[in-house]
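Contents: one structure, followed by commentary.
Numbers restart at 1 for each chain; the letters A, B, ... are given by sequence-line order, proteins then strands.
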Amino acid sequence: MKEIRVRFAPSPTGYLHVGGLRTALYNFLFARKNNGKFILRIEDTDRNRFVEGAVENLINSLKWCGLNYDEGPDVGGNFGPYMQSQRIELYKKYAEELINKGHAYYCFCKPERLQALREEQEKQKLPQVKYDKHCLNLSKEEIQRNLNDNKPFVIRLNVIPNQKIIFNDIIRGTVEFDSNNIDDQILIKSDGYPTYHMANVVDDHFMEISHVIRGEEWLSSTPKHILLYEFFNWEKPKFAHLPLLLNPDRSKLSKRQGDVAVEDYRAKGYLQQALVNFVALLGWNAGDDQEFYYMNELIEKFSLERVNKAGAVFDLQKLNWLNAEHLRKLDDKILLSMLKDFILTTPYSNLNYSDDKLLKIIESMKERVTFIHEFVNNCKYFYEPPKEYEQKSVEKNWKEDTHIHLIKFKVEIERIENPTKEDFEITFNKIVGELNIGKGKLIHPLRLAVTGQSTGPGIFDILAILGKDEVVKRIEKAIQDLNQSK
RNA sequence: GGCCCUAUCGUCUAAUGGUUAGGACAUCGCCCUUUCACGGCGGUAAUAUGGGUUCGAAUCCCGUUAGGGUCACCA
């Protein structure tokens with residue numbers, strides 16, 4: 001059997017769109033699953049849209065997601081170059097071949113004529129605006145004269161009318177188009193660069209791409225590509241058009257309604273494992289109930305046949321859930337290094353906490369966070385004394401005699417050298433026993449005093465992590481602040 | 001508007017002619033826990049619509065409706 005070769009072929013717009021990520025991922029999974037090759041090709045044939053650093057950025061995002069390619073602009077390969085801007089001569093050569101065969105022709109029409117034509121056709125309420133094949137009738141001599149005069153030209157595909165163009169899509173089945181609805185597409189622009197259609201077909205052929213897996217927005221231009229393959233007499237790849245990713249209002253996923261760039265999600269603290277896992281499930285499932293996947297499991301189970309046809313809404317809540325799931329499965333040592341990296345970006349960067357202390361924070365918070373940054377932002381009391389006290393909890397838990405209970409607890413704690421979690425708990429039980437009060441009467445004020453909050457890990461974990469001196473200080477401060485304000 | 005694609009809980013989806021239409025996220029309730037979370041148990045919630053075909057339709061066919069894509073010297 002022929003080797004499976006697939007490609008991700010983005011145009012460098014400046015960032016990797018999550019829809020692009022999903023396309024890249026399915027290509028990658030399909031290649032890995034079938035022991036094929038995954039290729040990155042950059043479609044940079046629009047000189048007007050050149051963005052500085054866009055390719056580097058794209059590659060960064062791809063690699064961050066673990067989508068390593070076998071061939072590409074920065075890794076090389078036997079089918080390069082992998083930047084279309086470096087393959088211009090190839091496209092020209094094959095466009096000329098098409099002209100010689102009568103399947104394409106020079107067009108010297110000025111933009112003004114095209115504009116007028118378009119307006120005229122719209123005025124006539126024609127179902128579709130199409131080029132009128134005006135330049136197809138130019139004589140050989142005329143064409144040669146125009147070329148000699150250096151008149152600007154484009155090369156157009158010569159579509160034959162009244163033909164059915166039928167192809168099979170792996171995801172959608174048989175799709176049929178009428179050639180009457182297909183315009184004489186420009187293949188080579190007046191600046192000598194190819195359009196998408198030309199470059200794409202030529203490259204897919206010479207890069208020996210076996211399966212074209214791309215977004216549904218390409219479905220309606222596929223007949224043009226089919227025509228090209230047929231005119232060249234080249235073997236066609238198999239096609240698979242993926243359903244689109246949608247906004248919550250079911251329009252095509254767009255910047256206006258949230259983040260679309262992979263780097264945005266990275267910056268917000270999403271794990272690459274979670275993003276990949278989530279995006280994989282938008283439009284595909286293995287047919288079982290598994291939803292939590294690592295990359296290797298996705299590779300094992302992926303198949304194009306199980307890709308859905310309908311568009312999928314990008315639902316942040318489910319992504320958040322998956323992020324929390326993946327975070328919890330991460331080894332504490334890895335979480336530690338991620339947390340340290342994050343702390344560097346906060347005002348607490350000079351605290352120099354020991355790994356041991358941070359590990360304890362991680363352990364106590366792990367079940368309570370969705371993002372790494374929450375190991376800091378949801379429990380700032382581990383890093384600094386509370387600046388304020390949650391009002392609702394103060395009202396509910398800070399009573400007339402609360403400070404008396406807390407002082408008794410504090411005094412008792414002060415006597416112990418290096419109290420452990422158990423010491424705190426034993427002392428606590430002793431005090432509530434002596435005072436003959438319910439545990440809640442002390443536990444909630446204590447939490448409020450040392451954290452300023454009403455939620456968080458077990459109180460004795462917090463006390464142990466904070467340590468005796470800090471606990472004592474915070475109790476004193478809380479009594480001062482809260483009794484005063486009452 | 002022409003052409004093309006699509007249609008199961010709010011969302012992601014399972015069920016490829018016979019199921020009380022299943023799971024997950026979200027949501028609600030209970031349990032666990034004197035906090036919050038995690039976890040466990042349970043609830044609300046879907047086959048867009050009208051016709052066929054069939055003993056039997058979410059599933060096959062046709063129409064309607066709705067949504068999306070595409071109609072550039074952008075990809």
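- Comparing B:A75, B:U13, B:U6 against the side chain of A:A312 picks out B:U13 as the nearest.
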Quick one, A:Y82 with A:F206, criterion ring pair (Phe, Tyr, Trp, His ring centres under 6.0 Å). Give me CA distance, side-chain angles, the key distance, then yes/no. CA-CA 11 Å; A:Y82 294 91; A:F206 286 106; over 10 Å; no
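- Using a 4.0 Å heavy-atom criterion, one finds that A:F177 contacts the sugar-phosphate atoms exclusively.
- With B:C12, B:A14, B:C4 as the candidates, the nucleotide lying closest to the side chain of A:K318 is B:C12.
- One can place CZ of A:F292 at 21 Å from P of B:G23, the figure rounded to the nearest angstrom.
- Residue A:H444 is the one, among A:R156 and A:H444, whose nearest nucleotide of RNA chain B lies closer to the 5' end (criterion: closest heavy atom).
- Distance CH2 (A:W218) to P (B:U6): 19 Å, rounded to an integer number of Å.
- Pairing for B:U70 is with B:G2, a Watson-Crick or G-U wobble pair whose two hydrogen-bonding atom distances lie under 3.5 Å.
- Between the side chain of A:E374 and the backbone N or O of A:F371, at least one donor-acceptor pair lies under 3.5 Å.
- One P atom belongs to B:G22, the other to B:U64, and the distance between them is 33 Å to the nearest Å.
- Between A:K318 and A:F278 the shortest heavy-atom distance is CB-CE1, 4.0 Å.
- Distances from the side chain of A:E367 to the nucleotides B:G69, B:C38, B:C5 place B:C38 closest.
- Base-pair partner of B:C36: not found among the strands shown (Watson-Crick or G-U wobble, both distances under 3.5 Å).
- Aromatic pair A:Y196/A:W218: ring centres closer than 6.0 Å.
- Counting only heavy atoms from C-beta on, A:S220 has its side chain closest to B:U70 among B:C5, B:U34, B:U70.
- Protein atom CG of A:N180 is 18 Å distant from nucleotide atom P of B:C71, rounded to whole Å.
- Base contact: A:E291 has a heavy atom under 4.0 Å from a base atom.
- Within 6.0 Å of CD on A:Q124 lie more than 12 heavy atoms contributed by other residues, nucleotides or ligands.
- Nucleic acid contact class of A:P243 (heavy atoms, under 4.0 Å, all strands): none.
- Contact annotation: A:R22 side-chain N/O to B:C12 OP1/OP2 distance is not under 4.0 Å.
- With both ends at atom P, the span from B:G23 to B:A15 equals 15 Å, rounded to whole Å.
- Using atom P as the reference point in both B:G42 and B:G51, the two lie 39 Å apart (nearest Å).
- Proximity note for A:K189 (side chain, C-beta onward) versus B:U11, B:C74, B:G39: the nearest is B:C74.
- Taking atom P in both B:G40 and B:U53, the straight-line distance is 49 Å, to the nearest Å.
- Candidate nucleotides B:G23, B:C73, B:U11 were compared by shortest atom distance to the side chain of A:L114, and B:C73 ranks first.
- Using N1 to N3 plus N6-O4 or O6-N4 for Watson-Crick, or N1-O2 and O6-N3 for G-U wobble, each under 3.5 Å, B:C41 pairs with B:G29.
- At a threshold of 4.0 angstrom between heavy atoms, the contacts of A:Q317 are confined to the sugar-phosphate backbone, with no base atom among them.
- Summarising the base pairing, B:G50 is matched to B:C62 through a Watson-Crick or G-U wobble pair whose two defining distances lie under 3.5 Å.
- Here A:V154 lies in heavy-atom contact (under 4.0 Å) with a base.
- Note that A:K329 lies in the cation-pi zone of A:F292, set by a 6.0 Å cut-off to the ring centre and a 45° limit from the axis.
- In this structure, A:K439 reaches the bases: a heavy-atom distance under 4.0 Å links it to at least one base atom across the strands shown.
- As rounded to the nearest Å, B:A46 and B:C12 have C1' atoms that lie 13 Å from one another.
- Using a 4.0 Å heavy-atom criterion, one finds that A:R306 contacts the sugar-phosphate atoms exclusively.
- Of the residues listed (A:E325, A:E297, A:H326), the one engaging A:N277 in a side-chain contact (heavy atoms from CB on, under 4.5 Å) is A:H326, and it is the only one.
- The residue A:R172 sits close only to the backbone: its heavy atoms come under 4.0 Å of sugar-phosphate atoms, none of a base.
- Comparing B:A58 with B:A48, their P atoms sit 10 Å apart, to the nearest whole Å.
- A:Q453 places its CD atom 20 Å from the P atom of B:U34, with the value rounded to the nearest Å.
- Atom C1' of B:C28 sits at a distance of 47 Å from the matching atom of B:A75, rounded to the whole Å.
- OP1 or OP2 of B:A14 sits under 4.0 Å from a side-chain N or O of A:N308.
- Residue A:E217 contributes atom CD, which lies 15 Å from atom C1' of B:U6 at whole-angstrom precision.
- Within the nucleic acid shown, A:T455 comes within 4.0 Å of at least one base atom, counting heavy atoms only.
- A:R49 comes within 4.0 angstrom of a base, heavy atoms only.
- Proximity note for A:V175 (side chain, C-beta onward) versus B:A75, B:C4, B:C73: the nearest is B:C4.
- The aromatic rings of A:F38 and A:F28 lie perpendicular to each other, with more than 60° between the two planes, well past the 30° mark.
- The same atom, C1', is picked in B:G18 and in B:A57; the two are 10 Å apart, to the nearest Å.
- Within the 4.0 angstrom heavy-atom criterion, only backbone atoms of the sugar-phosphate kind lie near A:G283; the bases stay farther away.
- To the nearest angstrom, P of B:C4 lies 18 Å from NE2 of A:H225.
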I would like to know whether A:K360 and A:D461 meet salt bridge (charged side-chain N to carboxylate O under 4.0 Å, His left out); could you show each step before the answer? CA-CA 8 Å; A:K360 280 183 179 151; A:D461 289 309; over 6 Å; no
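- Comparing B:G22, B:U6, B:A14 against the side chain of A:D289 picks out B:G22 as the nearest.
- Among the heavy atoms of the strands lying under 4.0 Å from A:P194 are primed sugar atoms or P, OP1, OP2 only; no base atom is included.
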Ring pair (Phe, Tyr, Trp, His ring centres under 6.0 Å) assessment of A:Y69 paired with A:F8: CA-CA 9 Å; A:Y69 35 88; A:F8 176 53; 9.4 Å; no
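- Nearest nucleotide to the A:T195 side chain, out of B:A75, B:G10, B:G68: B:A75.
- The separation between A:D183 atom CG and B:G2 atom P is 18 Å, rounded to whole Å.
- Remark: A:N181 is not in phosphate contact with B:G2, judged by side-chain N or O atoms under 4.0 Å from OP1 or OP2.
- Separating the CG atom of A:N48 from the C1' atom of B:A72 is a distance of 12 Å, rounded to the nearest angstrom.
- Counting any heavy atom pair closer than 4.0 Å across all strands shown, A:S393 reaches no nucleic acid atom.
- For A:K252 and B:G67, the shortest distance from a side-chain N or O to OP1 or OP2 is not below 4.0 Å.
- Summarising the base pairing, B:G18 is matched to B:C55 through a Watson-Crick or G-U wobble pair whose two defining distances lie under 3.5 Å.
- Comparing B:A14, B:C5, B:U35 against the side chain of A:R368 picks out B:U35 as the nearest.
- In this structure, A:D288 reaches neither bases nor backbone, as no heavy-atom distance under 4.0 Å exists between it and the strands shown.
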